[in-house]
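Letters A, B, ... mirror the listed sequences (proteins, then strands); counts begin at 1.
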Protein chains: 2
Amino acid sequence: MKKQYLALVEQLEAHGYRLTPQREIVLSILSETDKHVSAETLLLRVRQVYSRANKSVVYRNLDLLAQLGLISCVDLGQGRVEYEVHRHPHHHHLVCRHCKQVIEVSANAFAALQRELLERHGFAADMDHLAIFGLCRKCQSQQAAHSGHHPHAL
Amino acid sequence: MKKQYLALVEQLEAHGYRLTPQREIVLSILSETDKHVSAETLLLRVRQVYSRANKSVVYRNLDLLAQLGLISCVDLGQGRVEYEVHRHPHHHHLVCRHCKQVIEVSANAFAALQRELLERHGFAADMDHLAIFGLCRKCQSQQAAHSGHHPHAL
DNA sequence: GTTGCAAATGCAACTCGTTGCAATTGTAGC
DNA sequence: GCTACAATTGCAACGAGTTGCATTTGCAAC
Ligand SMILES: [Zn+2]
Ligand SMILES: [Zn+2]
Ligand SMILES: [Zn+2]
Ligand SMILES: [Zn+2]
């Protein structure tokens, strides 16, 4: 994905941001990863190339990229945020509260809502990469099944 | 809101959970607060009544109530999560990334999406209390205005 | 009112992410 | 190649929330 990396670099330079070694490495790792990556994992990978890499710097670079709209982050309920370069078309995630399964859905289903929020409230919602929590099909039936409840019941 | 407090207690007991002093105080404060409250604020209020109250216990009780679907929490981007007893009908929040303004909207607009996710993916989404980020009307025009960008520009 | 025991608590240590600030570095202008 | 200066980094301290585990307690059974 050399193309994507060059596009990221171009965007940064167009906005007057510097290209530092650590930032370049973050960009290259992000652009060659086609799934979500946590800050922790990203830091470890950056350190394979640049061993003095620093937590704050990675976070700050991720913040910068997100602010420029080049990457997005999402919290899938795993206790850490995950990042990825924007894919087109956009996608969202349905996260089952019970079995933790994550279903990826296209952003199409969200376009009508986005339009309605814009029309009714003048609000331009970022419908880029959402996590929606709920119950998957299987866990809905299971929950319906046992209405008897004990504390700590699974 | 005595009625709401009693309803909460009843739900807890129906599920076999104990009624401890600290938990009772958390319930009563939540049920007499008609807006969002952070865990920190809640802890301070609990301590006005029960001065030895403990951070973990407050968090664990909030988790329990959320798990039972009695309260919901939302992250409005303020660096801390806010809690509230469910109001009916449900509402959501539109948060402007730029001016931090929060617009409250009814859950109606989200019903169509919820239906679609259920039909197409069998997923029962919790559309109880979401925070959607984006740009308010005013900040959209402002952003359109200045296309010149410098690092650190506001 | 005693007893038994799971539920709940208290506490300290931990994780993830953020922040303030001093030191360093990229880069534009010369 | 220097210089200047803002952008970036490194670090350590911080804040919100979680967790493991030993202790305590609510409550139901007797
Ligand atoms: Zn994704
Ligand atoms: Zn499930
Ligand atoms: Zn709300
Ligand atoms: Zn705004």
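Between H93(B) and H91(B), the angle of the ring planes goes over 60°, which puts this pair in the perpendicular group of the 30/60° scheme.
Distance check, rounded to the nearest 0.5 Å: CZ of R23(A) to CG of N61(A) gives 4.5 Å. We find the CD-CD1 distance between Q22(B) and I25(B) to be 7.0 Å, quoted to the nearest 0.5 Å.
Residues in residues 62-81 of chain B take part in these side chain to side chain donor-acceptor pair (under 3.5 Å) pairs, two or more places apart or across chains: S72(B)-H129(B). Within the structure, every pair that satisfies the salt bridge (Lys or Arg N to Asp or Glu O under 4.0 Å) test and touches residues 119-128 of chain B, not counting sequence neighbours, is listed here: R97(A)-D126(B), E116(B)-R120(B). Pairs of residues two or more places apart, or lying in two chains, that qualify as side chain to side chain donor-acceptor pair (under 3.5 Å) and include a residue from residues 99-112 of chain A are R87(A)-E104(A), S106(A)-N108(A).
The side-chain hydrogen bond (donor to acceptor under 3.5 Å, both in side chains) check on E24(A) picks up Y5(A), with sequence neighbours excluded. In this view, R45(A) and I29(A), T33(A), K35(A), V37(A), T41(A) satisfy the side chain to side chain contact (heavy atoms under 4.5 Å, CB included) rule, not counting sequence neighbours. For the side chain to side chain contact (heavy atoms under 4.5 Å, CB included) test, residues two or more places apart in sequence or in another chain that qualify with A131(B) are V74(B), L76(B), V95(B), F133(B).
Applying the 4.5 Å side-chain rule to ILVMFWY residues, one finds that L118(B) remains a lone member of its cluster. In the hydrophobic clustering, L130(A) connects to L94(A), I103(A), V105(A), F110(A), L113(A), L117(A), F123(A), M127(A), I132(A), L94(B), I103(B), V105(B), F110(B), L113(B), L117(B), F123(B), M127(B), L130(B), I132(B), either directly or through intervening members, whenever side-chain heavy atoms lie under 4.5 Å apart.
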Along nucleotides 25-30 of chain C, 5' to 3', which nucleotides get a B, which get an S, and which get a -, given that the test is a protein heavy-atom distance under 4.0 Å?
BBS---
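Within the nucleic acid shown, R60(B) comes within 4.0 Å of at least one base atom, counting heavy atoms only.
For the pair Q22(B) and dG10(C), the criterion of a side-chain N or O lying under 4.0 Å from OP1 or OP2 is met. For Y59(A), no side-chain nitrogen or oxygen approaches OP1 or OP2 of dT18(C) to under 4.0 Å.
In the hydrophobic cluster analysis, where Ile, Leu, Val, Met, Phe, Trp and Tyr join through side-chain heavy atoms closer than 4.5 angstrom, L27(B) is grouped apart from L44(B). Note on V81(A) and L43(A): same hydrophobic cluster, where clusters join Ile, Leu, Val, Met, Phe, Trp and Tyr whose side-chain heavy atoms are under 4.5 Å apart, directly or indirectly.
Across the protein-nucleic acid pair, R23(B) atom CZ and dG10(C) atom C1' stand 15 Å apart, rounded to whole Å.
Near DNA chain D, defined here as any heavy-atom distance below 4.0 Å, the residues from residues 61-75 of chain A are N61(A), listed numerically. Using a 4.0 Å cutoff on non-hydrogen atoms, the parts of residues 40-57 of chain A near DNA chain C are K55(A), S56(A), ordered by number.
Each end of the helix from dG1(C)-dC30(D) to dC30(C)-dG1(D) gets its own rotation axis from five pairs of C1' atoms, and the angle between them is 30° to the nearest 10 degrees.
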